[in-house]
Amino acid sequence: MSESEPDEPSGTASTNETESADETDAPADTESADDTRSDEVEGDSHYAFWADEVADAIEARDPEEPIVVKGGISPSGVPHLGNVNEIMRGYFVAEVLRERGWAVRQVFTTDDRDPLRKLPRKLADLDGNIVDLGDVNAGALGRNLGHAYTDIPDPFGCCDSYGDHFSTLIAESAELLDVPIDVVSTTELYESGRMDDVVEHVLRNREQAREVLSEYQDKVDEDYVPFNPFCSNCGKVTETVTGVNVDERTVEYRCTDIEAGNRTIEGCDHEGTAIFREGKLPWRFEWPAQWQVLGVDFEPFGKDHAEGSWPSGVDIAETVLDIEPPEPMVYEWFTLDGEPFSSSEGNVVLAHDVLELLDPEVVRFFFAKDPNRARDFSIERLDQLVDEFDRVERLYYGEESGTEQEERRAERVYPFLVSLTDVPPEALAKSELFEAVADGEAEHAVTFDHNDTHDRERRREFVDEAFRQRVRLPYTFAAVLGMFDDDSARMATAKKEGHVADDDPEWAVEDAFGRVALASEWADRTDNEYNYTVARTEMPDVSVDGDTATALDDLADFVAEGADGEAIQGEIYESARRHDLDVGGFFAVGYQLFFGETEGPQLGYFLDDLDREFVVGRLRREA
RNA sequence: GGGCCGGUAGCUCAGUCCGGCAGAGCGUCUGACUCUUAAUCAGACGGUCGAGGGUUCAAAUCCCUUCCGGCCCGCCA
């Protein structure tokens, strides 16, 4: 539910019940110093995972099944990583509740009935490629200011509407992270008539509605009507309702100018009549109305709502609609390399982008952290995030020990980070559990009912066992491997460094090397120290003294005879020593010859990976 | 001006709700090893827990004040 520039997440999980009045027999604070129930400290009163606390609060409401977890955003432009909060934070809570045996429905509203108020600077095609506004038909888009997103043609021409286009991208984000959500179009809610009753209720009680809202918004005056019809003449949303006929379920309006930010969107002066399905409630009412229509029990939202639309929404829900508002959770916003996320600029805003750099489980891990803290999604230091995840994973599988706190958290959180779609198809196909379903193709065609407890357990168990056999290449190491062209060279280096063992399952090894592409992309995008380039066309300027020259010639002869990586690596040491050279210095000369740098990858293995002729020639300083 | 959230090692953060020796990873430094971009192993260094006051036998943690940062308190979502 955010739309402007800095849409981010951040969290605040405050939920004080403020139940001041518990009078009667409150056996509460019996200071009973008795021992009898010697408080066995370290109970589980203190959760390792925030989602458990939220789940407690939801259960305390005595909800009906299925428990409805909601999230939502306005499909105003490129959905960025901050928006993914609306999906992931709810997901963890949903999964905890499912683990506790509850049926949960996670819905996601795309608030596509909202009017386009300003043109975004960047758009994205369905593959997630960022495109400048100027590269699509900006003029056509400009003529649609004030129109509902679902009434605006898709600038890319691939979806039914502008709103549909970006809703599709959001839905894809959830899918990429294997989060099962029901995407609900707000436009569809209105047009299908599902909102009619709430709209009628609000308009029937518009006096009261106005009164309540006026406590939160100064602009609410006597003429305020909590409904915005779309003009039947020009299609623009209009804020001037001149008459209400609740029984007929219609309103009369005049199409006047509306203010959007610092500009005015002109109305056409048309006067008409609209039915409820031809308009929308203002956001402050629409949100609570969604809670009612969808039966929402829990909803996370960004901190921008915490002091704005949330308090008024609660009041409207309780006073006007007479419903219980959902359990709230505020999340802090993320920044991208220190800057606010913005739908209109930058790259790496989409889940699609992030997944070119990170394993999906690492992305989920990022969202499993305390929502209450603002975090920076630092591309530069993605290796830290990955390392942190890898450690949590090792802690979970008991392959490493940590502090008690770390181990508790790892044990509790890790299972929610890995998903069936993360398991390579080969492993899936080999599983006895999945034999029946996987016989056709080794596809991830296995679908589970997330709310079926038995299915859920089988899935969790399987994933747990599969990942126990996983192979992980440290992220930066994977970046190093990215410089090798040849798979066998990569494998040799990985084995030598002990990241791959001979008895590791083939599928796990293959899967592990998937990180090479991710880390290489990272090295490439950040152009960091792992982004080495072999200086092929021109020999770097290196001064080589007599002994060094001889040693290099020796080495060249050795390579020319056809030695493998390990042998070359050994020969580098040998030839240096033979000529009384400092080994480190000799390596440095090697790196300079091939990269123009003083450091580089394990040279022997790397040279083996390059074509022999080039290597020999360069060692002889010929070209 | 009012409200919400955050401020803990050079970096990224746990720990704060429930007071009990200030923690982890990374980085740095030392040493080891066929020293070479990720290393690995052993060890060390590293903290006015934003600041001040209060409560307490004991405070990063609870209370009050205060500083800094983000957001909200117009509209829109």
Side-chain angles (χ1 to χ4, degrees), chain A residues 1-4 6-8 10-14 16 39 41-43 45-48 53 72-74 76 111 113-115 117-118 216-219 237 239 258-262 282-284 286-287 302-312 330-333 335 340 369-376 378 381 383-385 387-388 390-392 395 400 402-406 408-409 473-481 483 493-494 496-499 519 523 528-532 566 569-570 572-574 577 582-588 590-591 595 597-603 606:
Chain A
M1 338 242 83
S2 39
E3 84 125 324
S4 41
D7 319 22
E8 269 354 284
S10 92
T12 328
S14 59
N16 307 331
D39 35 73
V41 194
E42 305 310 285
S45 52
H46 193 171
Y47 286 120
E53 287 178 44
I73 63 169
S74 181
S76 55
D111 297 321
R113 189 72 153 168
D114 299 342
R117 312 199 126 249
K118 65 172 186 183
Y216 303 89
Q217 298 195 326
D218 296 340
K219 285 280 170 72
V237 71
E239 294 174 345
I258 57 174
E259 302 296 321
N262 49 8
W283 166 248
R284 295 272 177 147
E286 187 172 84
W287 200 18
K303 68 168 171 181
D304 53 334
H305 289 299
E307 299 296 316
S309 44
W310 170 252
S312 68
V330 181
Y331 55 83
E332 272 288 337
W333 286 359
T335 49
K369 294 177 173 221
D370 186 358
N372 220 21
R373 279 185 200 261
R375 280 170 213 284
D376 185 40
S378 169
R381 286 178 298 219
D383 56 320
Q384 271 195 11
L385 181 65
D387 287 349
E388 199 184 340
D390 286 351
R391 179 170 152 83
V392 166
L395 286 169
E400 187 173 315
T403 63
E404 189 187 326
Q405 184 77 28
E406 287 174 323
R408 275 182 60 207
R409 173 173 290 111
L473 301 178
Y475 198 66
T476 45
F477 179 67
V480 171
L481 291 191
M483 289 178 290
T493 309
K496 180 192 164 273
E497 292 295 328
H499 296 302
N528 60 14
E529 69 260 43
Y530 303 106
N531 192 25
Y532 272 66
E566 193 170 345
Q569 181 76 4
I572 297 174
Y573 288 96
E574 293 306 317
R577 291 194 181 113
D582 173 62
V583 175
F586 190 55
F587 267 100
Y591 292 124
F595 303 109
E597 314 258 355
T598 54
E599 292 185 324
Q602 292 233 302
L603 200 50
F606 194 81

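Reckoned from all heavy atoms, side chains included, excluding hydrogens, waters and symmetry mates. Here is the naming used below: chain letters follow the sequence lines, and residue numbers restart at 1 for every chain.
- When the nucleotides rC76(B), rU16(B), rA77(B) are ranked by their closest atom to the side chain of Ser74(A), rA77(B) comes out on top.
- Taking Arg391(A) as the reference, Glu400(A), Glu406(A) meet the side chain to side chain donor-acceptor pair (under 3.5 Å) condition, with sequence neighbours excluded.
- Annotation: the span from Gln569(A) atom CD to Phe587(A) atom CZ amounts to 4.5 Å, rounded to 0.5 Å.
- To the nearest 0.5 Å, atom OH of residue Tyr216(A) and atom CD of residue Glu307(A) are 11.5 Å apart.
- Within the structure, every side-chain polar atom (N or O) of Arg117(A) is placed at least 4.0 Å from both OP1 and OP2 of rC75(B).
- Between Asp390(A) atom CG and rU12(B) atom C1' the separation is 15 Å, expressed in whole Å.
- rC63(B) sits 30 Å from rA24(B) when the C1' atoms are compared, rounded to a whole Å.
- If you take CG of Leu603(A) and C1' of rA39(B), they are 16 Å apart, rounded to a whole angstrom.
- Summarising the base pairing, rC71(B) is matched to rG3(B) through a Watson-Crick or G-U wobble pair whose two defining distances lie under 3.5 Å.
- With sequence neighbours excluded, no residue satisfies ring pair (Phe, Tyr, Trp, His ring centres under 6.0 Å) with Phe586(A).
- Pairing of rU28(B), defined by two Watson-Crick or G-U wobble distances under 3.5 Å, is identified with rA44(B).
- The distance between atom CG of Asp370(A) and atom P of rU16(B), rounded to the nearest whole Å, is 10 Å.
- Checking Tyr216(A) against Phe477(A), the closest nucleotide of RNA chain B that is more toward the 5' end is the one next to Phe477(A).
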Look for any protein N or O under 3.5 Å of an N or O in nucleotides 23-28 of chain B and output each such pair with its distance, or none.
| from | atom 1 | to | atom 2 | distance (Å) |
| --- | --- | --- | --- | --- |
| rA24(B) | O2' | Arg391(A) | NH2 | 3.0 |
| rA24(B) | O2' | Glu406(A) | OE2 | 2.5 |

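- Here Gly402(A) lies out of heavy-atom contact (under 4.0 Å) with every strand.
- Not a single side chain to side chain donor-acceptor pair (under 3.5 Å) links Asp387(A) to another residue, sequence neighbours left out.
- Between rG15(B) and rU8(B), the distance separating the two P atoms is 14 Å to the nearest Å.
- Base pairing analysis places rC13(B) opposite rG23(B); the two distances defining the Watson-Crick or G-U wobble pair are each below 3.5 Å.
- Put simply, CG on Leu481(A) and CG on Leu473(A) are 6.0 Å apart, with the number rounded to the nearest 0.5 Å.
- Of the candidates rG74(B), rC71(B), rA77(B), rA77(B) carries the atom nearest the Arg284(A) side chain, counting heavy atoms from C-beta on.
- Among the heavy atoms of the strands lying under 4.0 Å from Gln217(A) are primed sugar atoms or P, OP1, OP2 only; no base atom is included.
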Which protein N or O atoms sit under 3.5 Å from an N or O of nucleotides 32-34 of chain B?
| from | atom 1 | to | atom 2 | distance (Å) |
| --- | --- | --- | --- | --- |
| rU34(B) | O2' | Tyr573(A) | OH | 3.1 |

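- Rounded to a whole angstrom, the distance from the P atom of rG3(B) to that of rA44(B) is 48 Å.
- The partner of rA51(B) is rU65(B), judged by Watson-Crick or G-U wobble contacts that both fall below 3.5 Å.
- Taking the P atom of each, rG47(B) and rC35(B) are spaced 34 Å apart, rounded to whole Å.
- Taking atom CZ of Phe587(A) as the reference point, atom P of rA39(B) lies 17 Å away to the nearest angstrom.
- Scanning for side-chain contact (heavy atoms from CB on, under 4.5 Å) contacts around Val392(A) gives Phe365(A), Ala410(A), Tyr414(A), with sequence neighbours left out.
- Closest to the side chain of Asp111(A), from the set rG6(B), rC76(B), rA77(B), is rA77(B).
- rG43(B) and rU48(B) are spaced 28 Å apart, taking the C1' atom of each and rounding to whole Å.
- Computed from coordinates, the Lys219(A) NZ to rA77(B) P distance equals 13 Å when rounded to whole Å.
- Rounding to whole angstrom units, CZ of residue Arg375(A) and P of rC11(B) are separated by 17 Å.
- Applying the side chain to side chain donor-acceptor pair (under 3.5 Å) criterion to Ser309(A), with sequence neighbours excluded, gives Trp283(A), His305(A).
- Residues forming a ring pair (Phe, Tyr, Trp, His ring centres under 6.0 Å) with Phe606(A) (at least two apart in sequence, or on another chain): Phe484(A), Phe595(A).
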task = Report the C-alpha separation of Glu388(A) and Lys369(A) in whole Å, then their side-chain angles, then the decisive distance to 0.1 Å, and conclude whether the salt bridge (Lys or Arg N to Asp or Glu O under 4.0 Å) test is met.
result = CA-CA 12 Å; Glu388(A) 199 184 340; Lys369(A) 294 177 173 221; 3.0 Å; yes
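- On the P atoms, rC29(B) is 16 Å away from rG10(B), given to the nearest whole Å.
- Atom CZ in Arg373(A) sits about 13 Å away from atom P in rC5(B), given to the nearest Å.
- Across the C1' atoms, rG52(B) and rC71(B) are found 27 Å apart, a figure rounded to whole Å.
- Annotation: rA60(B) and rG6(B) have their C1' atoms spaced 14 Å apart (nearest Å).
- Comparing atom distances between the Glu307(A) side chain and each of rC76(B), rC4(B), rG70(B) picks out rC4(B) as nearest.
- Atom-to-atom distance recorded for Asp376(A):CG and Arg381(A):CZ is 7.0 Å, nearest 0.5 angstrom.
- Of the residues near RNA chain B, Ser309(A) and Asp218(A), the one whose nearest nucleotide (by heavy atom distance) lies more toward the 5' end is Asp218(A).
- Listed by chain and number, the residues in a salt bridge (Lys or Arg N to Asp or Glu O under 4.0 Å) with Asp114(A) are Lys280(A) (sequence neighbours excluded).
- Taking atom CD of residue Gln569(A) and atom C1' of nucleotide rA39(B), one finds them 12 Å apart after rounding to whole Å.
- Counting only heavy atoms from C-beta on, Asp304(A) has its side chain closest to rA77(B) among rA14(B), rA77(B), rG74(B).
- You'll find that the side chain of Arg409(A) is closest to rG15(B), out of rG74(B), rG15(B), rA77(B).
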